[in-house]
Structures are given as C-alpha cells and as structure tokens.
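Single-structure report; data block below.
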Amino acid sequence: MTLRLVCIAAAICGLAAPALAADEDWDGGYDAAPAAESTTTDLSIRIGIGGVAQPDWEGSDDYEIVPWPIVSLEYLRLPGIGTVGGRTVGFSIGPSFNFVGERDPSSDAALTGLGTVDSAFEFGLRATYEVDHWGAYAALRQGFGGHDGLVGEAVLYAVWRPTDVFVVRAGPNVSFASADYFDTYFSVTPAQSFRSGLPVYSAGSGFKSVGAQALATYSLTEKVDLHFRAGYDRLVSGAADSPIVTTAGSRDQFSAGLGLSYRIDLDLFD
C-alpha cells in the first residue's frame, strides 16, 4: 500500500516536473507507441538517458556533449477524477523544468574577467495543446541559483506520423527572459569591463532567441523508444548585441541529441 501511495504521489508530482531536457520534449503527452490504456494500467512513465551536443555556454561557439535525462509522464488514471495523457491529448497544463550549467571562466579564455556564474535550476508551468497534425506549447519558469530571472519559450509545431511507430514534431520557437536573466548572462558591469577589457553593456530584457526545433521518436519495441532531437536558435536583441557574444562567441546556436527510453506501466488501483 505504501509503495502505491508513493507511485501516485510521484505521478502527480510529475505534472510539476516533466521531461528533464529543458522541456524540449514537447511531445503532447504520448510518443509513437502510446502507453497502454487498459483496465490494468493506471500509470505509465518513461525513463531514459541520452547525450546532447550543445554550446559550452549560451552564446558560445564551442560545443560540448552533456547528459540528456529523459523522464516523462505518459499516462495517469485517477478513479473518479479522470486521465492525463494517452492517445487523445488536446489541452494540458503541467510543470516546466530546466537546468543551466555553471559558466566557468577557467574553461574558456573568452570569459576571462567575467566571473563564475553558478549552476541554475528553473521551475515553472507549461501549457500544451495538440491535435492530430499540429500543436502549440508555451512555458514560463523562475530561476534559482545562478540566476533569479524569469525565462520562457513558445513553440508552434507540426506533427507527422509516417508509420505507427515513428513520429516527428517540428516547428519554429521563440524564447524570452527578464532583465535579471539578461544581466547574469549577457550584461557587462563596470568591474567586469575593467577585468575583461570588454565594454560596459546593459542587455535589457525581452526576446532572447528565435529558431526551430525537431523531435523524433521511433518505437523499437512496445516499451523501448529511440529519441532524436535537433535545434537551431539565433540570439536576438540584447543577447545578440552583447560583447560577450559578438567578441568571443556566436549568435548562432545549434544542438543535437540521441537517447533511449523505457516505458514503465503500473497498476495502482485494484
């Protein structure tokens, strides 16, 4: 009984902490092979791991490979309340999570004099609407740790299912952030200017980037999925004009990742 209560609590909390890949898994609540929706399945969760090639730091023109945790709630049925996820998605609202790694000047001479920016966690909410051939997604998060600003993104995407086991979601995206975020990663204070030689700069706030993303899922078996993601973002406004980017980095930001996941189905209610 205790284990079942823990599973139920974890599933509900999963609505507040979806995929750990910065919410780039805007999958509408189901993958190529949907979670079983039978009388014996009350909870379906997907867990996995992969790797992502991405810029060393936002605005960098150097790249690194970092882990890509894959964790998502695919299906939840609460007796007397209803269901979440499954083949029919429509509108859903849930959590949004992101992790921003430490920016360490010792790892890149281009950051000399700017000081270390600690790792940051971002928590918030996301809303998704998906039908057969298209969907839309928006998220807003509050930062903790390395920065304490507000950040978010919006995506409009097409859904293509060439086979029963393969699905692709792709479309344009835009991101935005508050002044606290911009100041942390793109502004240059007088003290930083003195140490680095870069001009003093105030990045402001507003739109941060525009670009496009693609996410593909191929079901190798009933429960095992192969995931691929690719993205391009072009820094704009205060982020694009930051001397940190124009002098030592690039406005063009690319990413690509590959991962493998397994779906766990649980019967919580007898």
Side-chain angles (χ1 to χ4, degrees), residues 21-24 26 52-66 68 96-105 107-122 124 126 137-143 145-157 170-189 192-193 196-215 229-257:
D23 279 345
E24 292 179 9
W26 22 274
V52 177
Q54 64 182 33
D56 287 348
W57 41 273
E58 192 168 24
S60 174
D61 58 1
D62 293 325
Y63 286 75
E64 63 179 353
I65 297 178
V66 299
W68 174 19
S96 179
F97 171 79
N98 189 31
F99 174 77
V100 183
E102 179 184 69
R103 194 178 74 180
D104 186 357
S107 66
D108 191 337
L111 301 173
T112 300
L114 297 178
T116 299
V117 179
D118 294 333
S119 299
F121 293 90
E122 298 171 359
R126 70 173 183 174
Y137 159 89
L140 183 65
R141 299 181 297 274
Q142 172 67 52
H147 79 86
D148 57 2
L150 285 171
V151 294
E153 62 271 346
V155 181
L156 179 65
Y157 58 93
N173 63 274
V174 60
S175 71
F176 46 88
S178 68
D180 289 334
Y181 183 95
F182 272 82
D183 284 343
T184 300
Y185 296 103
F186 299 107
S187 292
V188 180
T189 66
Q192 291 173 329
S193 175
S196 67
L198 297 174
V200 175
Y201 179 75
S202 178
S205 63
F207 290 108
K208 180 167 64 75
S209 67
V210 296
Q213 300 180 39
L215 298 168
R229 54 182 276 198
Y232 165 74
D233 290 296
R234 173 78 173 180
L235 295 177
V236 297
S237 65
D241 295 333
S242 169
I244 301 173
V245 176
T246 59
T247 301
S250 173
R251 295 174 177 173
D252 298 311
Q253 306 281 279
F254 300 90
S255 65

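Quick caveat, the model's predicted, so the values are computed rather than measured.
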Tell me if a side-chain donor or acceptor on [X] pairs with a main-chain N or O of [Y] at a distance below 3.5 Å.
X    : Y    : value
S196 : L114 : no
S193 : L198 : yes
S187 : A203 : yes
N173 : A212 : yes
Y63  : F254 : yes
S242 : A239 : no
D118 : G145 : no

### Task
Quick one: do H147 and V117 satisfy side-chain contact (heavy atoms from CB on, under 4.5 Å)? Show the steps, please.
CA-CA 8 Å; H147 79 86; V117 179; 5.9 Å; no
### Message
Within a 6.0 Å radius of atom OH on Y232, are there more than 12 heavy atoms belonging to other residues, nucleotides or ligands?
### Response
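Yes.
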#### Entry: More than 12 heavy atoms from other groups under 6.0 Å of CD1 on I65
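It does not: I65 CD1 has 12 such atoms or fewer within range.
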Looking at every heavy atom in both [X] and [Y], which two are closest together, and how far apart are they?
X    : Y    : result
D104 : L111 : O-CD1, 3.9 Å
G206 : F182 : O-CE1, 3.6 Å
G59  : Q253 : N-OE1, 2.8 Å
S250 : L235 : O-CD1, 4.0 Å
D108 : S60  : OD2-OG, 4.4 Å
S205 : S178 : CB-C, 3.6 Å

### Message
What I'd like to find out is whether the side chain of Q142 reaches to under 4.5 Å of the side chain of D148, using heavy atoms alone.
### Response
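They are in side-chain contact.
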### Task
Please examine the side chains of Y201 and I244, heavy atoms only from C-beta on, and report whether any two atoms are closer than 4.5 Å.
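No, side chains not in contact.
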### Task
Please test L140 against F176 for side-chain contact (heavy atoms from CB on, under 4.5 Å), starting from the C-alpha separation and ending with a verdict.
CA-CA 9 Å; L140 183 65; F176 46 88; 4.0 Å; yes
### Task
May I have the step-by-step check of side-chain contact (heavy atoms from CB on, under 4.5 Å) for V236 and R251, ending in yes or no?
CA-CA 8 Å; V236 297; R251 295 174 177 173; over 6 Å; no
### Message
Working note: E122 + N98, criterion side-chain hydrogen bond (donor to acceptor under 3.5 Å, both in side chains); need CA distance, chi angles, decisive distance, verdict.
### Response
CA-CA 5 Å; E122 298 171 359; N98 189 31; 3.2 Å; yes
### Task
Mind running side-chain contact (heavy atoms from CB on, under 4.5 Å) on V100 and Y185 for me, showing each step along the way?
CA-CA 11 Å; V100 183; Y185 296 103; 3.6 Å; yes
### Query
Charged N to carboxylate O below 4.0 Å: is that the case for E153 and R126?
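No.
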### Spatial distance of atom CZ (F97) from atom CZ (R141) [nearest 0.5 Å]
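Separation between the atoms: 9.5 Å.
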### Task
Please assess E58 against Y181 for the test side-chain hydrogen bond (donor to acceptor under 3.5 Å, both in side chains), listing each intermediate value before the final yes or no.
CA-CA 12 Å; E58 192 168 24; Y181 183 95; 2.5 Å; yes
